[in-house]
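Quick note: numbers below take in every heavy atom, side chains included, and nothing from hydrogens, waters or symmetry partners. Lettering follows sequence order; numbering is per chain, from 1.
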Protein chains: 2
Amino acid sequence: MNKLKEFIETLTPISDKEFEDSKDNFSKIHLKKEDFFVEQGKICRQIAFINNGTLRTFYINNKAEEITACFCTKNSLTTSYKSFILQEPSLVSIQALEDTELLVIDHEKLQQLYNTSRAWQNIGRQIAEREYFVMEQYAATLNNESAKEKYLRLLNEQPEVLHKASVEDIATYLGVTRRTLSRIRQEIAK
Amino acid sequence: MNKLKEFIETLTPISDKEFEDSKDNFSKIHLKKEDFFVEQGKICRQIAFINNGTLRTFYINNKAEEITACFCTKNSLTTSYKSFILQEPSLVSIQALEDTELLVIDHEKLQQLYNTSRAWQNIGRQIAEREYFVMEQYAATLNNESAKEKYLRLLNEQPEVLHKASVEDIATYLGVTRRTLSRIRQEIAK
DNA sequence: ATCATTTGAGGACATTTGTCCTTTCAGTCC
DNA sequence: GGACTGAAAGGACAAATGTCCTCAAATGAT
């Protein structure tokens with residue numbers, strides 16, 4: 001739970017008592033490699049803090065291709081955010097790339113925290129704001145960076161992902177084909 | 001102000017009294033064609049509801065090219081969201097494509113509303129959530145749709161923009177060159 | 001250990017997109 | 001009206017990327 005508290009404190013100060021009072025709302029779950037945390041088409045009922053492990057968010061596009069939207073690594077949040085907020089079917093699946101440990105809280109319980117605690121109202125807004133920043137950064141990356149630059153960014157920011165994900169997963173994340181990713185790697189190895 | 005109240009009510013119920021009490025925090029501003037609402041590098045101190053008009057959000061990328069990030073049309077919000085939330089220099093500029101009327105609220109005043117009203121805490125979180133959905137949709141579009149599909153989406157969702165923005169603006173919005181946009185239009189005209 | 005299956009690298013050619021350029025047309029200043 | 005200016009369309013060629021393929025290495029199953 002310590003890492004979770006540290007994470008929350010990057011958002012807003014929270015007293016020990018307030019954290020202790022709310023921590024029963026979280027529970028620990030373990031995923032084995034290839035287990036799903038969220039499945040496309042089902043409602044995502046939880047938001048998770050990643051204690052340990054790596055996950056991949058992906059969806060099936062209208063050409064029936066499986067596209068990686070992001071990789072989620074430890075000490076950050078993961079959820080199908082829109083599905084979680086609106087409690088509507090998820091457009092994405094989230095799957096463990098390796099054995100993974102999560103701290104999860106149900107949508108209902110989080111709403112109760114929002115309703116009973118001003119600190120949690122604040123945390124909720126700031127989570128939304130942070131999710132926005134992450135998505136904005138992602139969009140900026142999509143817009144500005146070539147596939148090669150995106151690859152180098154991944155190499156720099158989440159290097160462990162390059163060993164845990166397949167070439168196919170990484171290629172769809174970069175928005176190119178496997179062939180082009182192969183050319184990119186060739187060029188970088190120069 | 002009516003349109004603003006209608007907009008807020010799509011987020012959360014607000015009593016007439018609560019709306020009346022807070023509406024003095026908003027003020028009306030008029031922009032002439034080509035005036036800036038936000039300038040890249042300056043802190044964005046306001047969030048705006050667009051009563052009338054059209055704006056373009058853009059930035060200068062690391063190749064010194066001006067890239068259109070989005071077009072903002074009436075009855076929606078516009079701001080340099082990250083700059084507004086964190087009160088840090090904006091990465092984007094927002095410029096009127098035609099004469100435009102905005103209802104704006106200062107960051108400070110919005111914080112006061114958050115601190116004094118649970119309804120506004122709620123609105124604030126839901127604005128953040130909505131900004132997230134918009135950004136997510138944008139990212140999904142960037143990821144999934146070809147330039148041609150994006151053009152058709154723009155034609156469908158914000159057709160007025162095609163007359164108000166230049167070919168250059170639209171091309172950078174689609175992520176292609178003018179030459180390719182010209183080819184896309186040729187193909188659609190078939 | 002062996003065989004079958006999956007995964008990644010990279011060759012050959014086709015297609016798409018970008019770069020650079022010219023032409024056309026509409027607006028505007030004298 | 002005629003000359004100038006700037007924006008948009010589109011031609012010709014170059015560069016980047018995709019498609020389809022083969023081969024070799026890694027992984028799994030028996």
Side chain to side chain donor-acceptor pair (under 3.5 Å) contacts touching residues 133-142 of chain A (sequence neighbours left out):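 Listed once each, the pairs are A:Tyr132-A:Glu136, A:Gln137-A:Thr141, A:Tyr138-B:Asn143.
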
| message | Does anything in residues 69-79 of chain B form a side chain to side chain donor-acceptor pair (under 3.5 Å)? List the pairs, not counting sequence neighbours. | response |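 Only B:Thr73-B:Gln158 qualify under side chain to side chain donor-acceptor pair (under 3.5 Å).
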
A correct 5'-to-3' footprint of nucleotides 6-20 of chain C, with B, S and - meaning base, sugar-phosphate only and no protein heavy atom under 4.0 Å, is --SSBBB----BBB-

*asked:* Expressed as a whole number of angstroms, how long is the span from B:Ile184:CD1 to D:dG10:P?
replied: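 Going from CD1 in B:Ile184 over to P in D:dG10 covers 13 Å.
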
Of B:Phe84, B:Tyr114, B:Tyr81, which is the lone residue that meets ring-ring contact (aromatic ring centres under 6.0 Å, His included) with B:His107?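 Considering B:Phe84, B:Tyr114, B:Tyr81, a ring-ring contact (aromatic ring centres under 6.0 Å, His included) with B:His107 is found only for B:Phe84.
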
Is A:Arg153 salt-bridged to A:Glu149, cutoff N-O under 4.0 Å?
->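 Result for this pair is no, no salt bridge flagged.
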
message: Does this structure show an ion pair linking B:Lys23 with B:Glu20, if we count only N-O contacts that are shorter than 4.0 Å?
response: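 Result for this pair is yes, salt bridge flagged.
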
All heavy atoms of A:Ile188 vs all of A:Lys148, minimum pair found to be CG1-CE, 4.2 Å

ring-ring contact (aromatic ring centres under 6.0 Å, His included) filter on A:Tyr59, not counting sequence neighbours, yields none

Those residues at least two apart in sequence (or on a different chain) that pass ring-ring contact (aromatic ring centres under 6.0 Å, His included) with A:Phe49 are A:Phe7

Rounded to 10°, the helix from C:dA1-D:dT30 to C:dC30-D:dG1 deviates from straight, judged by its five-pair end axes, by 40°

